[in-house]
> 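The following block contains the structure, expressed as structure tokens.
In this text the structure is predicted, and so the values were computed from the model without any measurement.
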Amino acid sequence: SAHNATDGLTGSASVAIDVEVITPPVIMAPGSAVVSLNTTYTFPINSISISDIAATGAADFLTLSATDGTISLASTTGLSFANGANNSSSMTINGTLTNLDLALSSLQYTPNTNYFGADTLKLSVKDATDNLIATANIALTVTSSIVITAPSQQVLSENTSATFSTGNPNAISFTDTGVSGTSDSVLLTVANGTLTLGSTTGLTVVGNNTASITMNGTLARSEERRVG
């Protein structure tokens, strides 16, 4: 508004202002996943996706990373790699929302060989037009495939020995779905006695007939032993 002090006249005008609310992108993803040792985990179809109502063309950049495994895209159609590569631990890709969602549909994670424990699949999407960013983390648990079956206790008389075998029955056995050749190593220890293996055929053994034995070999060669 304006006021003229001489003649006392006043004038005014108004200007309409529209404030545009810019919505950042959103990543939809599960909070966690369980993966078996030495296997590839495929996320359920469409369980990971992106929405960005402000996206235009190929404005979105998606970054994926994992510390202890590799990531494989379901599709690379229409995508360009700004950093990294497919089937690696880290990559940044650029493309339309449609093509990014195709890449995420049935995304695969493969833990590093013989790794088990915790890992995190990290996702980040940035709209290069408005520079808004969304992030998501998927907690991964890589489980060991090794199972040990053994009796909970063994009673024996003084100055005698006990034999662990299927015939008694008090056998000790191992299963390992991720085993490969002689990749398994077994450690046996007792506090007040000695350990003697039932067989050392095909095994690499350190400490037989002592209180602590370490052996390496195939599962079939590692399963029968005598404790005395």
> Would Phe61 and Val26 show up in the same hydrophobic cluster when neighbours are defined by side-chain heavy atoms closer than 4.5 Å?
no
> Taking atom types as modelled and ignoring hydrogens, do the side chains of Asn87 and Thr70 form a donor-acceptor contact shorter than 3.5 angstrom?
no
> Tell me whether Leu187 is reachable from Phe116 by hopping between hydrophobic residues (I, L, V, M, F, W, Y) whose side-chain heavy atoms are closer than 4.5 Å.
no
> If every non-hydrogen atom of Ala33 is compared with every non-hydrogen atom of Phe43, which pair is closest and at what distance?
CB-CE2, 4.1 Å
> Is there side-chain contact between Asn86 and Phe81, with at least one heavy-atom pair below 4.5 Å?
yes
> Would the distance check show the side chain of Asn94 and the main-chain N or O of Ser80 forming a donor-acceptor pair, the cut-off being under 3.5 Å?
no
> For the residue pair Thr63 / Ser124, report whether a side-chain donor-acceptor contact shorter than 3.5 Å exists.
no
> Is there a donor-acceptor contact under 3.5 Å from the side chain of Asp60 to the main chain of Ala128?
no
> Taking atom types as modelled, is there a side-chain donor on Gln108 or Thr40 under 3.5 Å from an acceptor on the other?
no
> Do the side chains of Leu123 and Leu104 get nearer than 4.5 Å, heavy atoms only?
yes
> So, for Gly95 and Leu79, which heavy atoms are closest and what is the spacing to 0.1 Å?
CA-CD2, 4.1 Å
> Donor-acceptor pair, distance only, cut-off 3.5 Å: does the side chain of Asn168 make one with the backbone of Asn170?
no
> Using the rule side-chain hydrogen bond (donor to acceptor under 3.5 Å, both in side chains), only one of Thr113, Asn114, Thr110, Asn112 pairs with Asn38; which is it?
Asn114
> Answer with yes or no whether the side chains of Ser165 and Thr163 bring together a donor and an acceptor at under 3.5 Å.
no
> Show the numbers, then the answer: is there a side-chain contact (heavy atoms from CB on, under 4.5 Å) between Asn216 and Leu203?
CA-CA 6 Å; Asn216 178 262; Leu203 299 176; over 6 Å; no
> Between Thr194 and Asn209, is any side-chain donor less than 3.5 angstrom from a side-chain acceptor?
no
> So, the side chain of Thr120 versus the backbone of Lys122: is there a donor-acceptor pair under 3.5 Å, distance only?
no
> Quick one: list whatever passes side-chain hydrogen bond (donor to acceptor under 3.5 Å, both in side chains) with Ser36, sequence neighbours left out.
none
